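In what follows, a structure is listed as structure tokens, so that the remarks can point back to it.
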There are 2 protein chains.
Amino acid sequence: MTPKAHFAEKLRLAGLRPTRQRVAIAALLLDGRHRHVTADSLTEEITTAGLHVSGGTVYNTLNQFTEAGLLRRVMVHNDYSLFDTNTDHHHHFYEAENDQLVDIPHDGVILAQLPAAPDGHEIKAVDVVIHIQSKNP
Amino acid sequence: MTPKAHFAEKLRLAGLRPTRQRVAIAALLLDGRHRHVTADSLTEEITTAGLHVSGGTVYNTLNQFTEAGLLRRVMVHNDYSLFDTNTDHHHHFYEAENDQLVDIPHDGVILAQLPAAPDGHEIKAVDVVIHIQSKNP
DNA sequence: AAGGCTCTTTAGAATGATTTTAAACTAGAT
DNA sequence: ATCTAGTTTAAAATCATTCTAAAGAGCCTT
Ligand SMILES: [Mn+2]
Ligand SMILES: [Mn+2]
Ligand SMILES: [Zn+2]
Ligand SMILES: [Zn+2]
């Protein structure tokens, strides 16, 4: 199976029509590597790959992929959106100083006790962000 | 001690000159009640109190109070900033559906294990956000 | 109490990430 | 090949937040 067909199939399974733009972005983001991207960094990657996708479509695609569960949005600041290519359950270190986000191995955080969700609600996800700063000794 | 003097003193201790605007905002936000505000909701409160503070100053003051440790910023989305008048260590439920943020009692979440911070870094804060959604049975 | 220095506030303009628009395009079905 | 609904596009609009530079106000010194 050609790589293009592979990602097209992945998009179909996610309920997204495999357009040229979506397949190109899927090939960049859904190849199994775990990383964190912004609309801007993704646009750079696209350009480096010799392609072009309009700004609006980059945003739309990131939102659609997230909605479809192919990406995950990470909330650490509100300057711009961060997307995580790792949709498995895991947590993050965040260093505000240089806006650096680092994955924490899945078993690095153990939640021994969680509160019950408020009446009529259920827990959808638990996000742990450990804010760190460089030690100044 | 008059309430105004009380908040002025609090601001001085935080290293902030107690201007009319800062004292007014401190009286609204630093009275011991635990709640979550936005620049917008705070501006409404100020107006309701029959006062006026310019938009820029509302933003500046929220940022300065946060920097001074009198408020805490909560990160649950990147539509706009949320500020918490409770600076004690506690966590949150967040219901994206209607953008509702609810405090979790300090002992509601127990972290049995935390990873070591990366070399040369130390942990500054641990934020736990439990995303919830209404059960539809 | 007045003067002066510095910090602060102000209205308005600027910024910048993101969304919206309406027209041109295309994937997929017939 | 044709049709249609969904998609992409460049450009404009949105909107929370920051910046500007001029006017105002704490606060320290006389
Ligand atoms: Mn609270
Ligand atoms: Mn913005
Ligand atoms: Zn991650
Ligand atoms: Zn809170």
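Proteins come first, then strands; the chains are lettered A, B, ... in the order of their sequence lines, and each starts at number 1. Remember, predicted model here, so these are calculated numbers, not experimental data.
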Side-chain atoms of residues 44-52 of chain A: list all donor-acceptor pairs with protein atoms under 3.5 Å, sequence neighbours left out, distances to 0.1 Å.
{"from": "A/E45", "atom 1": "OE1", "to": "A/R35", "atom 2": "NH2", "distance (Å)": "3.1"}
{"from": "A/E45", "atom 1": "OE2", "to": "A/R35", "atom 2": "NH1", "distance (Å)": "2.8"}
{"from": "A/E45", "atom 1": "OE2", "to": "A/R35", "atom 2": "NH2", "distance (Å)": "3.4"}
{"from": "A/T47", "atom 1": "OG1", "to": "A/T43", "atom 2": "O", "distance (Å)": "3.0"}
{"from": "A/T48", "atom 1": "OG1", "to": "A/E44", "atom 2": "O", "distance (Å)": "3.0"}

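- Comparing the local axis fitted to the first five base pairs of the helix from C/dA1-D/dT30 to C/dT30-D/dA1 with the one fitted to its last five gives a bend of 30°, rounded to 10°.
- For the pair B/Q64 CD and C/dC7 P, the computed distance is 13 Å after rounding to whole Å.
- One distance of note links CG of A/L42 with CZ of A/F65; it measures 9.0 Å at 0.5 Å rounding.
- With no hydrogens or angles considered, a side-chain donor-acceptor pair links A/H77 and A/D99 at under 3.5 Å.
- The NE2 atom of A/H77 sits 16 Å away from the C1' atom of D/dT18 (whole-angstrom rounding).
- Using cut-offs of 30° and 60° on the angle between ring planes, the pair B/H34 and B/H90 is parallel.
- Atoms CG (B/L11) and C1' (D/dA25) sit 15 Å apart, rounded to a whole Å.
- Sorted by first and then second residue, the side chain to side chain donor-acceptor pair (under 3.5 Å) pairs with a member in residues 21-33 of chain A read A/R22-A/Q64, A/D31-A/R33; sequence neighbours excluded.
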*Which letters describe nucleotides 18-30 of chain C, given B = protein heavy atom under 4.0 Å from base, S = only from sugar-phosphate, - = neither?*
BB-------BS--
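- In the model, A/H92 has a side-chain atom that pairs as donor or acceptor with a side-chain atom of A/D84 under 3.5 Å.
- Distance, B/D99 CG to D/dA16 P: 12 Å, rounded to whole Å.
- One interatomic measurement links the two molecules: CD1 of B/I25 to C1' of C/dT8, which rounds to 12 Å at whole-angstrom precision.
- Counting Ile, Leu, Val, Met, Phe, Trp and Tyr side chains that sit under 4.5 Å apart, directly or through other members, B/I104 shares a hydrophobic cluster with A/F93, A/V102, A/I104, A/V109, A/L111, A/L114, A/I123, A/V126, A/V128, A/I130, A/I132, B/F93, B/V102, B/V109, B/L111, B/L114, B/I123, B/V126, B/V128, B/I130, B/I132.
- Side-chain proximity of B/V53 to the nucleotides C/dT10, D/dT7, D/dT9 is greatest for C/dT10.
- Looking at A/E95 and B/H121, their side chains do bring a donor and an acceptor atom within 3.5 Å of each other.
- Rounding to whole angstrom units, NE2 of residue B/H52 and C1' of C/dT8 are separated by 14 Å.
- Applying the salt bridge (charged side-chain N to carboxylate O under 4.0 Å, His left out) definition to pairs two or more places apart or across chains, those involving residues 114-137 of chain A are A/R72-A/D127.
- Rounded to whole Å, the distance from CD on A/E67 to C1' on D/dG6 is 17 Å.
- Spacing between atom CZ of B/R22 and atom P of C/dT10 amounts to 11 Å, rounded to whole angstrom units.
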